[in-house]
Amino acid sequence: MYQTTKELRNAFLEYFGTHGHEVVDSSSLVPVNDPTLLFTNAGMNQFKDVFLGADKRTYTRATSSQRCVRAGGKHNDLDNVGYTARHHTFFEMLGNFSFGDYFKEEAIRFAWSFLTETLKLPTERLCVTIYDTDDEAFEIWNKKIGVAEENLIRIGDNKGVAYASDNFWQMGDTGPCGPCTEIFYDHGEHIWGGRPGTQEEDGDRFIEIWNIVFMQYNRQANGDMLPLPKPSVDTGMGIERIAAIMQGVHSNYEIDIFKQLIVKAADVIGVSDLESKSLRVIADHIRSCSFLIADGVMPSNEGRGYVLRRIIRRAVRHGNKLGATEAFFYKLVPTLIEVMGDAAKGLAQMQSIVEKSLKAEEEQFARTLERGLGILDAALNKLEGDVLDGDMAFKLYDTYGFPVDLTADVCREREISVDELGFKAAMAEQRRRAQAAGQFSIDYNDTLVIETNTDFCGYTDLSLESEVIGLYQNGAEVESVTVGDEAVIVLKETPFYAESGGQCGDKGLLSTQENHFEVVDTQKYGQAIGHMGKVKAGEIIKGQQLSLNVDRDSRQRTELNHSVTHLLHAALRQILGTHVSQKGSLVDPDRLRFDFSHFEAVNTAQLNAVELLVNEQIRCNHPLNSEVMSIDAAKEKGAMALFGEKYDSEVRVVTMGDFSIELCGGTHVGRTGDIGLFKITSEGGIAAGVRRIEAVTGVAAMQHIAKQQAALTASAELLKSDPQSVVSKLKVQLDRSKSLEKELVQLKDKLAAATSADLVSEAQEIHGIKVLIKKLDNVDASALRGLQDELKQKLKSGVVVLAIAGDVKVNLIVGVTKDLTTKVKAGELVASIATQVGGKGGGRPDMAQAGGSQPENLDAALAQVVPWIKERLA
C-alpha cells in the first residue's frame, strides 16, 4: 500500500504515465512569461499557453507534481497557516491534463480508478460534487461509474452570480472556462462538519481531494460562452491531503513530511512540545521559503521578494516565541531536502545559497526587531492615555516587520492596551490593496494566438526567401498591410531569431523589389515567429514571397555578447565557487548583463581574475559546437541547466572546449576567438544574494578601454605627471590635502575657543540657569559641535543654542550640561526650533543637531527658546 508522500507522488505519476501521459517536471514557482500571476499556484499554470492554443507540445496528455505557493495576491491565507489543518503557503499539486484529447468520461474514470483501485479508498467514504447544470457529468458518475444519486451533489451559482460557483472554473474574466466536478473524502463522524452544499460544509469532516475542470467554453468580454473547438481537462489533487488520508491522520501537519520537519525544528530551537502551532508554522514556511529562493526569488521590499520576506519573518518570529536565541531557520534546509526526496533535486543543487539567504534575512530581522522596539518605545513615551493607536501598531507591523503580538506584549508591561479594532481595519485595507494588486486583468481573447509553425533557419542562414503565412494588426489577422502600417508578419521559415533566453530579437528587412517592411523586433507566438515592424514602401500581402535579410552587424555583435555570457558563467563558478548560478541575463548588440547568485561584492582581485580567465578562453579560440539531444542525455553530459527554466524534451547543447557546456537555444559565434576582447564595466548588487555584472565585447570593449585611457591621460596632465605615475602622484596630493585639512580643523578649533571666550559673556540667566542663544556669522557648520562643547565647559552648568543661517539652509545645535538633562532635553529643544524653520532633527539629551530650509524664520524661532525653557523650568 502507498503510504509515504514519496510513494504517493511516484504512484500517481506512474499511473498516468502508463495511461499515455507525458510525465512533466514541475515548473518554477516564478511563472515563466506570465505577468498575471505572482506565483505558480496550480498545476495547469505551465500549460496555460497550450490550453489557450498559443503553444503546442509533442504530447496531448500530461501529468505532473507541481510545486505551488499561495501566499500573496488573490490567494493569500498566510495568517491561517499553522492554525488550521490544511492551510499551507507551499503545497504540491498532483495533476493530469488533456489538451483536446480525452474529455469528461475518461477524466472521471482515471480519477475514480486511481482512488479506489490503486489507492483502494473505500467508495462509501467518497462523495462527488458537480456543477448544477452539468447533466453530462451526472450521467457519467451515476450510470457509468456507479456512484449513487444521493452521493452526487449539484452545486449552483454562488449568490446568484453566473459562473461564480465553486464548481465552475475560469482562467480570468475572459478566456477558457468550464464546469468542475470534485471528489470529497469523509474523515468520519468523530469530526464536525457536513457534506458540501450543507450549512456545515465548512467543517473538517468532508475534505475535497480531487478537482476536475472541464474546459469547454471560451468566455467573451460581453459574457457570451462560446464552445471551445477542442475541449480539454485540467485536474488537481493536493498531495498533502491524500497523504493524510493514506497515513490515517486528519491534519496535514501529522503526515510524514511535516512530522520530520517539526521534530527537526523543535531540536534546533530546543523545545519539547511537538504540538506547538508555532512549530507547524515553521515547518510549513521552510518549504515555501526554500523553494522560492531556489527558484530565484530573494527577500526584498517589493513584489515576490516582499512576500518571501514576510513568510521568513513570520517563521522567525514564531521561533522567537518558542525561545530561539540565535539563527535557526536555515538549519532546517538539509532535513527538507531529505524528506522531499526526488521533488527536491533542484533545491539540493541550490542548498548553499538557500541556507545563506535564510540566515542573512534572519539576522537582519533581529536588527529590525531592535529598531522596532526603539520606535515603539518612543511612541509610548509620547502617548497620552493608555491605548496605543491601531495605525501605529499597523505601521510597526507593515513597515518595520514588527509583529503585533510583540507590540501587545511590550504595551502590556506598561499597562497599555493596543487598539485592536484600528489595527484590524488597517490590516483589512492593506489586504484589499494587496488583493487588488494581485488581481491582474487581462483579456485572454485579446492575446495574439497564432496556431501556425515557423521553421527557424537562423543558426546557419541570415538571408533567404520565404512565404508570408500570417499578417496581424492590433491582435487581429488581416490580408494585407500598406505603407505606414505597423504589423506582425509570420513567415513559413525565417532566419530572424525571436527574443528568448535573454537574447534580444533580430532586426532587419523583409522585401521585394517594390515592397519593404522594416523589422524592429522579433518575438515568439507559440510555435510561430512574429516579425514586428512597419511597412516602409509598397504593400505586404498574405501569401507573398519575400526576401528576408537579418541585420548582420546587429546579429554579430549580439552573438559576441551572448557567447561570452557562457564563458563568464563558467569563470564565475571557477573563481567564486560552484554555488554561483545564473539568475537572469540580457544580451543585445551593445552590451551584456549577467545576474548571478553570490552573497557579497566581488572584489577587484576576483573581478580581474574572472576577466583574465574569460579572455584566456577567448584566446584559446575554442570552436562552438552545438547538438540537439534529450534533456536527460544533456544532463548526463554535464550541461548546465538553469533550475526553474522550462525546457522541452529535446534541447540544444552548446559547448566551448572543455570550459563551458550549457543548454541554450540562442545564436553564437563560430569560435571563441571571434569575441576578440571582454571587458567588465560594472559589478553590483541588485537583491539579497544576487549580483549583476555588465560588460562589453569586441569593438565596444576596445572603445571602453580607449575611453578609460583618455581619462587617465587627462588626469596625468592635470597632475603634471605621466600616466604611469598617476597613482603615486595622486597619493602625494591626497596626503598633502589631508594634512591641510588637519591644520584647518586645528585652526577652526582655536578660533572656536577664542570665539567661545567672547560668547560666554552673552549668556543670560533663566530661573538661575545660564542660557546662551546665539545666531553666528562667518562660522563654518562643521565647527558647531566643537564650539558647543567648548561653551558647555566654560559655562560648567547651562544650556547652549547655536544657529547658522545661509541663503537657503539653517544649521542648529543645542547643548545641555549633564546636570540639567532631567529638566531640559537637547533633542526636544532642537526639534521645537527646527519645526519653525522647515526642518527636523534630534539627538541625545545632552546634545542634538538639526537642519532647516527656511532661514527667514530663524530669528523668530530663536525668540521662542526663552519661553520654551521657562515653561520647562517653571
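Position 1 is the first residue of the sequence, and the numbers go up from there. Side chains included, hydrogens not; waters and symmetry mates left out as well; all remaining heavy atoms used.
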Please evaluate residues Val866 and Val771 with respect to the criterion side chain to side chain contact (heavy atoms under 4.5 Å, CB included), reporting the C-alpha separation (whole Å), side-chain torsions for both, the decisive distance (0.1 Å), and the verdict. CA-CA 8 Å; Val866 171; Val771 178; 5.7 Å; no
Cys289 versus Ile311, closest heavy-atom pair with distance: SG-CG2, 3.4 Å
Pair Ile282-Leu322, side chain to side chain contact (heavy atoms under 4.5 Å, CB included): steps then yes or no: CA-CA 11 Å; Ile282 293 165; Leu322 294 174; 4.2 Å; yes
Please check if atom CD in Glu275 has more than 12 non-hydrogen atoms from other residues, nucleotides or ligands closer than 6.0 Å. no
Do any N or O atoms from the side chain of Arg287 and from the backbone of Phe90 form a donor-acceptor pair under 3.5 angstrom? yes
Between CZ on residue Arg691 and CD1 on residue Ile686, distance to nearest 0.5 Å: 9.5 Å
Side-chain donor/acceptor of Asn381 to backbone N/O of Asp377, under 3.5 Å: yes
Is it the case that atom CD in Glu415 sees more than 12 heavy atoms from other parts of the structure closer than 6.0 Å? no
Considering non-hydrogen atoms only, spot the tightest contact between Val816 and Pro845 and give its length. CB-O, 3.9 Å
So CG of Asp295 and OG of Ser290: to nearest 0.5 Å the spacing works out to 11.0 Å
Are Lys356 and Glu600 close enough for a salt bridge, meaning some N to O gap below 4.0 Å? no
Test item: Val297 and Val307 side chains (from C-beta on) under 4.5 Å apart, heavy atoms: no
With heavy-atom distances below 4.5 Å as the criterion, would you say the side chains of Thr89 and His285 are in contact? yes
Do Leu586 and Arg591 come close enough that some side-chain heavy atom pair is under 4.5 Å? yes
Would you name the heavy atoms of Val726 and Ser721 that are closest together and state the gap between them? N-OG, 3.9 Å
Side-chain (Ser832) to main-chain (Glu828) donor-acceptor, under 3.5 angstrom: no
As a quick check of understanding, evaluate side chain to side chain contact (heavy atoms under 4.5 Å, CB included) for Gln764 and Ile773, giving each step before the final call. CA-CA 8 Å; Gln764 57 184 299; Ile773 305 166; 4.0 Å; yes
Which atom pair, heavy atoms only, marks the closest approach of Lys774 to Leu776? CG-CD2, 3.4 Å
Report yes if some heavy atom in the side chain of Ile693 is under 4.5 Å from a heavy atom in the side chain of Val602; otherwise report no. no
Run the ring-centre check on His88 versus Tyr253 and record whether the distance is less than 6.0 Å. yes
Just checking Glu363: does its CD atom have more than 12 heavy atoms from other residues, nucleotides or ligands closer to it than 6.0 angstrom? yes
Taking the side chain as everything from C-beta on, heavy atoms only, tell me whether Thr817 gets closer than 4.5 Å to Lys796. no
Examine distances only and state if a side-chain atom of Lys792 and a backbone atom of Asp846 form a donor-acceptor pair shorter than 3.5 Å. yes
Between the CZ atom in Arg317 and the CZ atom in Arg314, the distance rounded to the nearest 0.5 Å is 11.5 Å
Can you tell me how far apart CG (Leu29) and CD1 (Ile293) are? Round to the nearest 0.5 Å. 11.5 Å
Using a strict 4.0 Å threshold on nitrogen-to-oxygen distance, state whether Lys731 and Asp735 make a salt bridge. yes
Under the side chain to side chain contact (heavy atoms under 4.5 Å, CB included) rule, what do Leu772 and Glu762 come out as? Steps first, then yes or no, please. CA-CA 7 Å; Leu772 174 61; Glu762 298 186 33; 4.0 Å; yes
Are any of the side-chain heavy atoms of Leu829 and Val799 separated by less than 4.5 Å? yes
Measure the spacing between CG of Leu802 and CG of Asn811 and express it to the nearest 0.5 Å. 11.0 Å
With side chains defined as the heavy atoms from C-beta onward, is the minimum distance between Phe291 and Val69 less than 4.5 Å? no
For the residue pair Met298 and Ile353, establish whether any side-chain heavy-atom pair is separated by less than 4.5 Å. yes
Smallest separation among heavy atoms of Trp868 and Lys825, with atom names: CH2-O, 4.3 Å
For Ser797 and Lys770, work out which heavy atoms get closest and say how close. O-CB, 3.8 Å
Are the side chain of Ser417 and the backbone of Val387 linked by a donor-acceptor contact shorter than 3.5 Å? no
What do you reckon, is CZ of Arg593 surrounded by more than 12 foreign heavy atoms closer than 6.0 Å? yes
Judged by atom type as modelled, is there a donor-acceptor pair below 3.5 Å linking the side chain of Arg70 to the main-chain atoms of Asn41? yes
With distance as the sole test, does Asp391 use its side chain to make a donor-acceptor pair with the main-chain N or O of Ala426 at under 3.5 Å? no
Please check this pair: side chain of Glu362 against backbone of Phe328, looking for a donor-acceptor N/O pair closer than 3.5 Å. yes
In terms of ring plane angle, is the pair Phe394 and Tyr397 parallel, tilted or perpendicular, where the classes change at 30° and 60°? tilted
For the backbone of Gly838 and the side chain of Ser853, can you confirm whether one donor and one acceptor N or O come within less than 3.5 Å of each other? yes
Look up atom CD1 in Ile769 and atom CD1 in Ile766, then write down how far apart they are to the nearest 0.5 Å. 8.5 Å
Taking atom CG as the centre, does Leu740 end up with more than 12 heavy-atom neighbours from other residues, nucleotides or ligands that are less than 6.0 angstrom away? yes
Give a yes or no on whether the backbone of Pro299 and the side-chain of Ser357 come within a donor-acceptor separation of less than 3.5 Å. no
Report, as yes or no, whether the 6.0 Å neighbourhood of atom NZ on Lys331 holds more than 12 heavy atoms from other residues, nucleotides or ligands. yes
